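Quick caveat: nothing in here was measured; it's all calculated off a predicted structure. Proteins get letters first, then strands, A, B, ... in listed order; numbering begins at 1 in each.
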Amino acid sequence: MNSDSGSMARPKRGVPEGLWIRCPGCKASLFKKEVEAALNVCPECDHHFYMPAQGRIDQLLDEHSFEEWDTGLRSKDPLEFVDRIPYHQRLLAEEKKTGLPDAAVTGKGFIRGRPVVIGITDFAFMAGSMGSVVGEKLTRAAERATELKLPLIFVSGSGGGARMQEGILSLMQMAKVSAALARHDSSGGLYVCILTNPTMGGVAASWALQGDLTLAEPGALVGFAGKRTIWNTVRLELPEGFQTSEFLLQHGFVDRIVHRRDLRTEVARLIDYCEK
Amino acid sequence: MAISWLPFEKDIQDLESTLERLEAAGGGEGGAEEIRRIRRELTSLKRHKYSSLHPWEAVQICRHPDRPQTLDYVDLIFNEYVELHGDRAFGNDRALRTGFARLDDQKVLIVGHQKGHTLKERTECFYGCAHPEGYRKALAKMKLAAKFNVPVICLIDTPGAYPGIGAEERGQAQLIATSIFEMARVPTPIVCVVIGEGGSGGALGIGVGDRVSMLEHAYYSVISPEGCAGILWKVADEQTKPRAAASLRMTAKDLKRLGVIDEIIPEPLGGAHRDPREMGSTLKQYLRTHLRELGMLSKEDLLDHRFQKFRGMGVFDEVAATTNAD
């Protein structure tokens with residue numbers, strides 16, 4: 001739930017069209033090519049822009065090492081849910097917009113020569129929200145990581161939390177993925193989660209915060225309740241930097257904040273420390 | 001009857017008061033016949049009404065101020081109750097109660113949301129919205145129970161986990177995540193019953209068990225009807241809230257159909273608050289039966305069945321996989 005967080009979260013759905021873009025962090029006008037070359041990070045202030053799942057794969061994994069899994073999974077509309085448009089139409093529209101059949105991409109690959117199982121949620125597809133397909137893909141990824149005795153890496157970009165359009169079934173995905181992660185843990189497997197902007201609601205309250213290690217990109221919005229929900233409840237001005245990666249680090253919920261360009265190296269190094 | 005009526009119960013209320021007047025008048029010639037007729041009509045009206053409630057009407061019943069809560073069931077069902085307070089880290093959440101109790105002779109741990117009945121109690125309990133320390137406490141007591149082979153009963157009744165600044169600072173998402181993760185493998189039987197509101201992550205935070213069931217008029221949802229209405233139609237009002245409640249498929253019947261819950265536990269006619277004693281006895285019977293069943297499983301089978309139960313949840317298609325384009 002907490003779909004309100006998406007609109008409050010300032011994530012950009014991809015670097016906007018055109019040659020120049022404006023950084024929401026430092027307000028600088030930036031040459032788009034330059035930002036792209038810097039992994040969608042502002043060269044002036046290090047503001048981390050949105051990064052699509054494919055971009056994450058390119059950036060984290062060794063070249064051509066990714067083998068994608070479970071590409072045939074498709075969401076259904078068990079609730080016959082209608083928001084502004086029927087859910088089944090929304091799914092088609094999102095697929096057209098993003099080129100993804102749903103919000104998660106999973107598979108196997110190598111990080112600096114180390115084999116890993118990886119799962120990524122992409123904010124562009126319905127705010128990265130978790131319905132049955134996202135839950136099933138991540139669960140299968142966790143199960144295969146256990147089977148193959150490989151480190152499991154999830155990258156969360158789920159501002160939408162659990163997907164409202166699949167109702168209670170989305171909530172149950174939280175339990176499903178968690179149960180698979182608990183088995184992975186019991187079997188001695190390593191699980192690292194990388195929090196990116198934004199990670200909210202039911203995703204934050206399940207797999208995103210169940211890692212042996214929790215890393216976060218700088219400035220990511222991470223929390224349980226959306227800002228609007230909190231405002232409606234407490235009517236208090238929210239503190240500066242509330243629910244950011246830095247806020248979570250300060251309160252003890254994140255191991256390290258890692259700049260995007262260093263993620264690959266950091267993850268590889270941590271995998272080495274956790275080898276048996 | 002002292003219990004307050006809900007707006008949609010107007011017809012029933014009117015007929016009840018007519019009946020009361022007639023009964024007070026003492027019947028007499030023809031009167032007795034009239035009383036019998038009205039009683040019959042009333043029963044059939046109630047049966048019809050309460051078996052075909054609109055989801056929004058069910059929400060109102062499960063939020064009724066007189067609806068029995070965790071501590072009421074503690075009194076109604078259990079022989080003894082030894083409340084255990086505190087999470088050993090920050091505080092003692094009044095919205096989430098934990099304690100040992102005896103069901104007949106069987107030792108159990110009760111974990112349950114408490115909303116409170118009086119205003120003072122409600123304020124203390126944050127209207128049943130637990131903070132991170134509540135989930136930390138619940139998990140710690142569940143692990144204690146598991147250590148000594150005591151089964152756990154979770155009574156779910158929350159509009160949601162508390163959305164506030166302190167809750168976020170203390171890791172609301174983290175503590176719910178940890179609770180769900182650990183409940184998936186706590187090695188003791190866990191029976192969860194949604195007794196009122198099953199509000200999203202706050203409910204699931206104590207909702208991973210070997211059995212998950214709902215009282216007849218309870219709801220269990222990924223988001224409250226108000227929250228959903230606010231997102232879809234910008235305002236949560238008397239038109240949009242019922243639409244959201246219906247769209248979310250959040251009633252006990254819906255969840256049974258979707259394969260999310262095991263059983264619908266019937267409520268007394270008109271809802272649990274109309275006859276808490278009867279509700280207590282039905283719930284007690286349910287708990288006895290399921291604890292007995294679960295008690296016969298080995299730890300290994302218990303945990304394996306629990307895993308498979310949640311593993312199977314979700315509805316999706318699987319088309320022939322396209323080959324990997326790398």
Open item on the list: Can you tell me which portion of B:Leu258 sits under 4.5 Å from chain A's heavy atoms? Options are side chain, backbone, both or neither.
Closed with: both

Open item on the list: Can a donor-acceptor pair be found, under 3.5 Å and without considering hydrogens, that links the side chain of B:Glu318 to the backbone of A:Arg74?
Closed with: no

Task: Distance, nearest 0.5 Å, that separates OG of B:Ser179 from CD of A:Gln210 - done: 10.0 Å

Open item on the list: How about NZ on A:Lys108, more than 12 heavy atoms from neighbouring residues, nucleotides or ligands closer than 6.0 Å, or not?
Closed with: no

Task: Closest contact, heavy atoms only, A:Ala205 versus B:Ile180 - done: O-CD1, 3.6 Å

Open item on the list: Heavy-atom cut-off 4.5 Å, strictly under: side chain, backbone, both or neither for B:Met313 against chain A?
Closed with: both

Open item on the list: Applying a heavy-atom distance below 4.5 Å, give me the residues of residues 299-308 of chain B that approach chain A, sorted by number.
Closed with: B:Asp304, B:Phe307

Task: Donor-acceptor under 3.5 Å (B:Arg249 side chain, A:Leu79 main chain) - done: yes

- [ ] Write out, in numerical order, the residues from residues 184-193 of chain A with a heavy atom short of 4.5 Å from a heavy atom in chain B.
- [x] A:Asp185, A:Ser186

Task: For the student: nearest non-hydrogen atoms of A:Asp83 and B:Leu232, plus distance - done: CB-CD2, 3.1 Å

Task: By side-chain contact (heavy atoms from CB on, under 4.5 Å) - contacts of A:Ser170 (at least two apart) - done: A:Ala162, A:Arg163, A:Glu166, B:Val222

- [ ] Locate the shortest heavy-atom distance separating A:Leu171 from B:Ser221; write the atom from each residue and the value.
- [x] CD2-O, 4.2 Å

- [ ] May I ask you to decide if B:Val315's main-chain N or O and A:Ser132's side chain share a donor-acceptor pair within less than 3.5 Å?
- [x] yes

Task: Under 4.5 Å from any heavy atom of chain A - which part of B:Arg311 - done: both

Task: Contact listing (chain A partner; residues 158-168 of chain B; heavy atom under 4.5 Å) - done: B:Ala161, B:Tyr162, B:Pro163, B:Gly164, B:Ile165, B:Glu168

TODO: Identify which part of B:Ala184 has an atom lying under 4.5 Å from any heavy atom of chain A, answering side chain, backbone, both or neither.
DONE: side chain

Open item on the list: So which residue, B:Gly207, B:Gly230, B:Ala177, ends up with the most heavy-atom pairs under 4.5 Å with chain A?
Closed with: B:Ala177

TODO: With the side chain counted from C-beta on, respond yes when B:Gln174 and A:Phe224 share a heavy-atom pair under 4.5 Å apart, and no when they do not.
DONE: no

